[in-house]
Every structure is written in structure tokens, then in C-alpha cells.
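Notes follow once the structure below has been shown.
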Protein chains: 2
Amino acid sequence: MPVSGPTYAIGELAQQFDVTTRTIRFYEQEGLLSPERRGKTRVYRDKDRVRLKLALRGKRLGFSLIEIREVLDLYDDRNHGSVRQLERMLEILADKRANLERQLEDIRAMQRELDQVEARCRAALSEIDGDAEIS
Amino acid sequence: MPVSGPTYAIGELAQQFDVTTRTIRFYEQEGLLSPERRGKTRVYRDKDRVRLKLALRGKRLGFSLIEIREVLDLYDDRNHGSVRQLERMLEILADKRANLERQLEDIRAMQRELDQVEARCRAALSEIDGDAEIS
DNA sequence: GTTGATCTTCACGTTAAGGTCAAATCCCGG
DNA sequence: CCGGGATTTGACCTTAACGTGAAGATCAAC
């Protein structure tokens, strides 16, 4: 019972996610998406939408399209293949996880730096304001 | 009293941070670093080391070199300029902060996805193992 | 039916972030 | 003083991720 739900044109999707159609086609070319076709025109379903969303998230995190494809392929692999495949999969997952952890660390450190810069910045400002008010 | 501390050759720095010397020169060309020169050869001090470290962190977070330079320039700006400059600075900082927040969100979401994939993966594995032990 | 808007494929252009030689130059231990 | 490893500048090369037309098909609306 494939309820199948709503479909989208490439332009709609582009608008929803604020990317160009070129980007979406490029992602297809790189194997991240594989919409159906009605004639020659692409027809996207919710599963494609989800993949696009995940892809854009990955991009924001600095993953390459190849890495993103890896994860996406794992994600909905109806080919839960051999033990070997599954173990490879866990390996990749552990790797991604480690990356995310490092990024978290980096972000926290970066936030601390920003705090410091901002503090000094505000100090300088209030000094100027103080002078201004006095004069 | 500029104690000045230790100095480093480009190769040392490259080794310490596991990048090539080309990268370090490129960062200089892009205005991220500005080591002294002893004759023609570059001499790096701890402040350069810190800048490089921050730069690499920024890179891991997906900042462009231009953005990184912006922040670095704010960071040690001995030209705590005009009110206008300082306000611009706070603006940029807020922007960076917002980006970091979104990345945190993205990371958490991504971690949840990985959890799910891994769970299904382990389930599939234990199923196979179970079968194997029975047979 | 024709006029826009949207879609298709094909192909070349662009930008960021370095890689990769090459040829000269520097510097240091013996 | 000198030989070999590290550095320097310069030039061109590469890859990823799209942008930017061109030229034609399609499809709804008037």
C-alpha cells in the first residue's frame, strides 16, 4: 500500500529549501537524489524531500557531497547486506560521530573566544560612551 | 618588556599542526598570518601559532578563510577603533554566534539520525548472528 | 494558438583552498 | 668553506560545488 503522498516539482523544492534548481539537479547527478520522472520532468516525493533536507544539513556541517551520499545510502539501505557491509557501516558511523564530537569541541572553544572578544569590545565601547557622557 | 618567547620555523609549525608549508604560506598570502622575517625566511612566534590554531579550528567548522580573517582581525585588533567599528564588530560576532548555534542544532539532529541508523544496523547484525548460532 | 513561465539537457565558467613542480637561496654541522 | 636539507618565490594544476547561459520542450492560461 504505497500511499505515496504529495509530490513536488523541482522549483517548489528549490524554493522550500532556498537553493537553486541547479543545485538539486547537481545533487541528483552526484547520486544524492533520484526522483521519479513523469516524461522527462522530475517528480519528487517526501522521501526525496527528506534526503534533500539531510543533505543540506550535512553541507552546513561541512561534509562533502560524497560523504553525505555515504550516510544517505546507509540511511535507507533496503539492502541491509552482509555482515561485512554492516560492520563497514558501523565503522563509518563511528567515524562520523567522532567528527561531530570534534566539531562540538571546536564550537565550544570558538564560543569562548567570541565571548572574550565581545567582552573586550563592550568594554571599549562603554569606555567611549562614558567619556562622551562626561564631556 | 617583550619577552618574545620561542620562535618556530615554517616546517616546525607545519609538523605541529599537521598541515603543509604551502598551507601556511597560503594563509599568509590571504592575510591570516604575518610572521616576521629574518632575511627572507619566515619566523613565527607564539602569537602566530595561536592564530594558526584558531584558523584551523575555524576551518574545521566550515568557515571560509575570509571569515576567519575577519574574526582574527577583530581578535587582536590593537585598533579598537571607532564606535562604528566596534558596533560592526559586535554585529559580526552575533552573526558567527548564530551560525554556531545552528551548527549545534544540526549536530544534535545528525547525531539522532546516526543513532537510528546504528540501531537498525545492530538489529540486522544480531539477527544474522542469531541465525548463525541456531544453525 | 501564442505567450510566458517552467522544465529539460549540454556545456563552459568560476571560486576556494590548497597541491605540485622548478629553480634559486639559505643556513648549519662538520 | 661546503654540501645537503630546509626555505623561498612563482607558476601552473586540481577538485568540489555549483553558476550561467543556450536552445529547445512543455504546459497552463488567455
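Note on naming: letters A, B, ... go to the chains in the order of the sequence lines (proteins, then strands), and numbering restarts at 1 for each one.
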At a cut-off of 3.5 Å, list every protein nitrogen or oxygen paired with a nitrogen or oxygen from nucleotides 22-28 of chain C, distance to 0.1 Å.
none

Shortest side-chain distance from B:Thr23, nucleotide among C:dT8, C:dC7, C:dG19: C:dG19

message: Does atom CD (B:Gln15) have a neighbourhood of more than 12 heavy atoms from anything else shown, all under 6.0 Å?
response: no

message: I need the NZ-P distance between B:Lys59 and C:dA17, as an integer number of Å.
response: 10 Å

- prompt: Can you name the side-chain hydrogen bond (donor to acceptor under 3.5 Å, both in side chains) partners of A:Glu36, sequence neighbours left out?
  reply: A:Arg45

Interatomic distance where CZ belongs to A:Phe26 and P belongs to C:dT8 [whole Å]: 17 Å

- prompt: Has B:Glu105 got more than 12 heavy atoms of other residues, nucleotides or ligands less than 6.0 Å from its CD?
  reply: no

- prompt: Got a sec, which residues hit salt bridge (charged side-chain N to carboxylate O under 4.0 Å, His left out) with A:Glu67, two or more places apart in sequence or on another chain?
  reply: A:Lys96

query: Same cluster for A:Leu33 and A:Ile66 if Ile/Leu/Val/Met/Phe/Trp/Tyr side chains link at under 4.5 Å?
result: no

- request: Report which part of the nucleic acid B:Arg42 touches: base, sugar-phosphate, or nothing (heavy-atom distance under 4.0 Å, all strands).
  value: sugar-phosphate

field: DNA chain D-proximal residues of residues 10-22 of chain A, any heavy atom under 4.0 Å
entry: A:Thr20, A:Arg22

task: Identify the 5'-most and 3'-most nucleotides of DNA chain D with at least one atom closer than 4.0 Å to a non-hydrogen atom of chain A.
output: D:dA17 to D:dT20

message: Let's see if you get this right: which residues in residues 46-58 of chain A place a heavy atom under 4.0 Å from DNA chain D?
response: none

query: Tell me: CD of A:Gln29 to C1' of C:dC12, nearest whole Å?
result: 14 Å

- prompt: Can you list the residues that meet the salt bridge (charged side-chain N to carboxylate O under 4.0 Å, His left out) rule with B:Asp106, with sequence neighbours excluded?
  reply: A:Arg60

query: Taking only residues two or more places apart in sequence, or in another chain, which ones meet B:Glu30 in a salt bridge (charged side-chain N to carboxylate O under 4.0 Å, His left out)?
result: none

message: Test of understanding: with side-chain hydrogen bond (donor to acceptor under 3.5 Å, both in side chains), list the residues that count as partners of A:Arg38, not counting sequence neighbours.
response: none

query: What residues form a salt bridge (charged side-chain N to carboxylate O under 4.0 Å, His left out) with A:Asp46, not counting sequence neighbours?
result: none

Output side-chain donor-acceptor pairs under 3.5 Å for residues 51-58 of chain A, partner residues at least two apart or in another chain, one line each.
| unit_1 | atom_1 | unit_2 | atom_2 | d |
| --- | --- | --- | --- | --- |
| A:Arg51 | NE | A:Leu32 | O | 3.2 |
| A:Arg51 | NH1 | A:Asp76 | OD2 | 3.3 |
| A:Arg57 | NH2 | B:Glu113 | OE2 | 2.6 |

query: Hey, any chance A:Val43 and A:Ile10 share a hydrophobic cluster, counting ILVMFWY side chains that come within less than 4.5 Å of each other, even indirectly?
result: no

Interatomic distance where CD belongs to B:Glu28 and P belongs to C:dA17 [whole Å]: 17 Å

field: side-chain hydrogen bond (donor to acceptor under 3.5 Å, both in side chains) against B:Arg122, all qualifying residues, sequence neighbours excluded
entry: B:Glu118

- request: State whether B:Glu28 and B:Arg69 are salt-bridged, where the test is any N-O pair (Lys NZ or Arg NE/NH1/NH2 against Asp/Glu carboxylate O) under 4.0 Å.
  value: no

